[in-house]
Protein chains: 4
Amino acid sequence: MFELDVKSRQPIYEQVVDKIKELIINEVLKPDEKLPAVRILAADLGINPNTIQKAYRELERMGYIYSLPGKGNYVNPQKPGAKDERIDELKLELKRIVREMLYFGMREEDIKAFISEIIKGGKSGD
Amino acid sequence: MFELDVKSRQPIYEQVVDKIKELIINEVLKPDEKLPAVRILAADLGINPNTIQKAYRELERMGYIYSLPGKGNYVNPQKPGAKDERIDELKLELKRIVREMLYFGMREEDIKAFISEIIKGGKSGD
Amino acid sequence: MFELDVKSRQPIYEQVVDKIKELIINEVLKPDEKLPAVRILAADLGINPNTIQKAYRELERMGYIYSLPGKGNYVNPQKPGAKDERIDELKLELKRIVREMLYFGMREEDIKAFISEIIKGGKSGD
Amino acid sequence: MFELDVKSRQPIYEQVVDKIKELIINEVLKPDEKLPAVRILAADLGINPNTIQKAYRELERMGYIYSLPGKGNYVNPQKPGAKDERIDELKLELKRIVREMLYFGMREEDIKAFISEIIKGGKSGD
DNA sequence: GTGGTCTAGACCACG
DNA sequence: GTGGTCTAGACCACA
């Protein structure tokens, strides 16, 4: 499904959260699709099931998945409700990054060109 | 000078690093300007001097400031080296954010307009 | 493991850094081998855990070890990058020393003989 | 006479010691030659006279200069006595450096060639 | 007065 | 159990 960097300073459960979030955003995992069972995924990745549990709970908290106790975890279809505040968070992050890019000498057109590039590149993983 | 969120999951020293980095990037703190003394800033923010010390050493490691033991800490005038590397990191972050913005329904033109807005807003703090 | 000179002008954490660096260079500590836990080593050496922590972070910064939070600190397998830079530093140091040796009456052949001796002596600790 | 790096982490008095030591070793300053008066040198370098005082005291302790109270400081002609222990110190340093050079991939012949180069280059400052 | 180092002791996140 | 963070408080070197 994906790979982890066990040597990274980033906690493993966060890496799992990010990877799954990315799969959902890129619609590799479709709305209402079932996620791998905790134990299966843990075995696949060679890590502790508790770590996957924690990642799933975090994804649920963030609204990316929902849990049916005893049945499994599923991709949450997007709710238009809670998304504006997330967009505001993203805007703040983007502002910080753009400012730093300017500081390091990139120009407005360089940045916009790069954004076009990202979007043209489609939704693929890299 | 700025405020901290002591309840945040983000370590206090990292918050201090980010805030000061931002002040330097936005040129609120000018090259070779003296930063507040470790003990003074600690008292101002209501935290332990060691925490500021740690933040300052981290900023030094990243090349944003330099330390003259016994004299103070100062803003490092930009050195061109190691800059491209940082830009590549920023591009990766920006890619992640733009992808998530698209997922949440923003369009290419919305994003670019927002970037223009940031830049037109100048280098001021918000 | 090794001993410290608490009376030395050289900070304790630097002594720890140097000693461990030497153990790594002489391959007493092998790549990916686990270093002693912070608290254990601190107790062994009779110093504060924070001092070891600081030494380990410094070693990590220099690329000699990596840290897995919650798991331990490990010897970093050599990465080829940034190596030439370090060699240049070493050459400068060596130049200074050789000049001083000449001043104190050693001859070129004495110095080279001594270097052969070091190398023939293998990688052992003294 | 020479220049200092006020931004360096190395204490200024140590920089002064090193620079003067080098001038003595390279015989720019001859045996029994008078060193610049403390206040003159301090004024030249734009630093505090106390700092020069400290450097001169340190050089005296190391045997490089001697002081005639009220008259000035003079370059100490080499005494064959105390030099063996200094050579032993230098050998230790050289051993550490050669070991690290080997670790970073230099070969015995590279190191010896570099030493020849240093010596052929004469006693000049770089 | 300034930064740098160190200690003793505490709590938290992670796996 | 492990490393990471933080506090309170101390002493030292430097300029």
Side-chain angles (χ1 to χ4, degrees), chain A residues 4 6 8-16 42 45-55, chain B residues 4 6-16 34-43 45-58 60 65-74, chain C residues 4 6-16 34-43 45-58 60 65-74, chain D residues 4 6 8-16 42 45-55:
Chain A
L4 301 172
V6 289
S8 167
R9 303 291 294 239
Q10 193 185 24
I12 292 176
Y13 88 94
E14 274 188 20
Q15 292 183 48
V16 174
L45 297 171
I47 61 177
N48 194 307
N50 291 336
T51 307
I52 301 294
Q53 264 303 8
K54 184 162 191 176
Chain B
L4 300 172
V6 288
K7 292 184 197 164
S8 166
R9 307 238 320 182
Q10 191 185 25
I12 294 177
Y13 86 94
E14 274 187 20
Q15 292 182 48
V16 174
K34 187 178 185 301
L35 296 167
V38 171
R39 288 159 177 77
I40 304 292
L41 183 54
L45 296 173
I47 60 176
N48 191 288
N50 285 338
T51 307
I52 299 294
Q53 183 71 293
K54 188 170 190 174
Y56 277 7
R57 289 206 65 184
E58 180 70 8
E60 191 183 16
I65 71 175
Y66 59 93
S67 167
L68 301 186
K71 296 220 57 174
N73 290 275
Y74 299 83
Chain C
L4 299 172
V6 288
K7 292 183 198 166
S8 166
R9 306 237 322 183
Q10 191 186 25
I12 294 176
Y13 86 93
E14 275 188 18
Q15 293 182 47
V16 174
K34 188 178 186 301
L35 294 167
V38 171
R39 288 160 177 75
I40 304 293
L41 184 54
L45 296 173
I47 61 176
N48 191 287
N50 285 338
T51 307
I52 300 295
Q53 183 72 293
K54 188 170 189 175
Y56 277 8
R57 289 206 66 183
E58 181 70 9
E60 190 183 15
I65 70 175
Y66 60 92
S67 166
L68 302 186
K71 297 221 57 174
N73 289 275
Y74 299 83
Chain D
L4 300 173
V6 289
S8 166
R9 303 290 296 239
Q10 192 185 25
I12 292 177
Y13 88 94
E14 274 188 20
Q15 291 183 49
V16 174
L45 297 172
I47 61 178
N48 194 305
N50 290 336
T51 307
I52 301 294
Q53 264 302 7
K54 185 163 191 175

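For clarity, every value in this text was computed on a predicted model and none was experimentally measured. We name chains A, B, ... by the order of the sequence lines, and we start the count at 1 in each one.
In terms of heavy atoms, A:Ala55 sits closest to A:Tyr13 at CB-O, 3.7 Å. Shown here for D:Ser8 and D:Gln15, the closest heavy-atom pair between the two residues is CB-NE2, 3.5 Å. Pairing each heavy atom of D:Arg9 with each of B:Pro69, the nearest pair is NE-CG, 4.3 Å. When all heavy atoms are compared, the tightest approach of B:Asn48 to B:Asn50 is OD1-N, 2.7 Å.
Qualifying side chain to side chain donor-acceptor pair (under 3.5 Å) partners for B:Gln10, counting only residues two or more places apart in sequence or in other chains: B:Asp18. In this view, B:Tyr66 and B:Tyr74 satisfy the ring pair (Phe, Tyr, Trp, His ring centres under 6.0 Å) rule, not counting sequence neighbours. Scored by the side chain to side chain donor-acceptor pair (under 3.5 Å) test, C:Gln53 finds no partners at all (sequence neighbours excluded).
Between E:dT2 and B:Asn73, no contact under 4.0 Å exists linking OP1 or OP2 to a side-chain N or O.
At whole-Å resolution of the value, OH in C:Tyr56 and P in F:dT5 are 16 Å apart. Counting to the nearest Å, the C1' atom of E:dG4 and the OH atom of B:Tyr66 are 18 Å from each other. Between B:Glu60 atom CD and E:dT2 atom P there is a gap of 18 Å when expressed in whole angstrom units. In this structure, the OH atom of C:Tyr74 is 11 Å from the C1' atom of F:dG3, given to the nearest Å.
Contacts between residues 45-54 of chain B and DNA chain F, defined by a heavy-atom separation under 4.0 Å, are made by B:Ile47, B:Asn48, B:Asn50, B:Thr51, B:Lys54. Listed by residue number, C:Pro11, C:Ile12, C:Tyr13 are the residues of residues 7-16 of chain C with a heavy-atom contact under 4.0 Å to DNA chain E.
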**OP:** Decide side-chain contact (heavy atoms from CB on, under 4.5 Å) for C:Arg57 and B:Lys54; before the verdict, give the C-alpha distance in whole Å, the side-chain angles of both, and the deciding distance to 0.1 Å.
**Re:** CA-CA 12 Å; C:Arg57 289 206 66 183; B:Lys54 188 170 190 174; 3.3 Å; yes

**OP:** Verify side-chain contact (heavy atoms from CB on, under 4.5 Å) between D:Leu4 and D:Ile12, making sure each step is shown before the conclusion.
**Re:** CA-CA 7 Å; D:Leu4 300 173; D:Ile12 292 177; 3.8 Å; yes

Subject >> A:Leu45/A:Ile52 under side-chain contact (heavy atoms from CB on, under 4.5 Å): CA gap, chis, key distance, verdict >> reply: CA-CA 10 Å; A:Leu45 297 171; A:Ile52 301 294; 4.0 Å; yes

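Mapping C:Pro69 and B:Ile40 onto DNA chain E by nearest heavy atom places B:Ile40 closer to the 5' end of the strand. In terms of position along DNA chain E, the nucleotide closest to B:Gly70 lies nearer the 5' end than the nucleotide closest to the other residue of the pair B:Gly70 and C:Gly70. Taking the nucleotide of DNA chain F with the nearest heavy atom to each of C:Lys34 and B:Arg39, the more 5' of the two is matched to C:Lys34.
Side-chain contact between B:Val38 and B:Asn73 is present, with at least one heavy-atom pair separated by less than 4.5 Å.
Nucleic acid contact for B:Arg57: sugar-phosphate only, since backbone atoms but no base atoms lie under 4.0 Å from a heavy atom of the residue.
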Subject >> Watson-Crick or G-U pairs under 3.5 Å in DNA chain F, rendered as dot-bracket with [ ] for crossing pairs and | for another strand >> reply: ||||||||||||||.

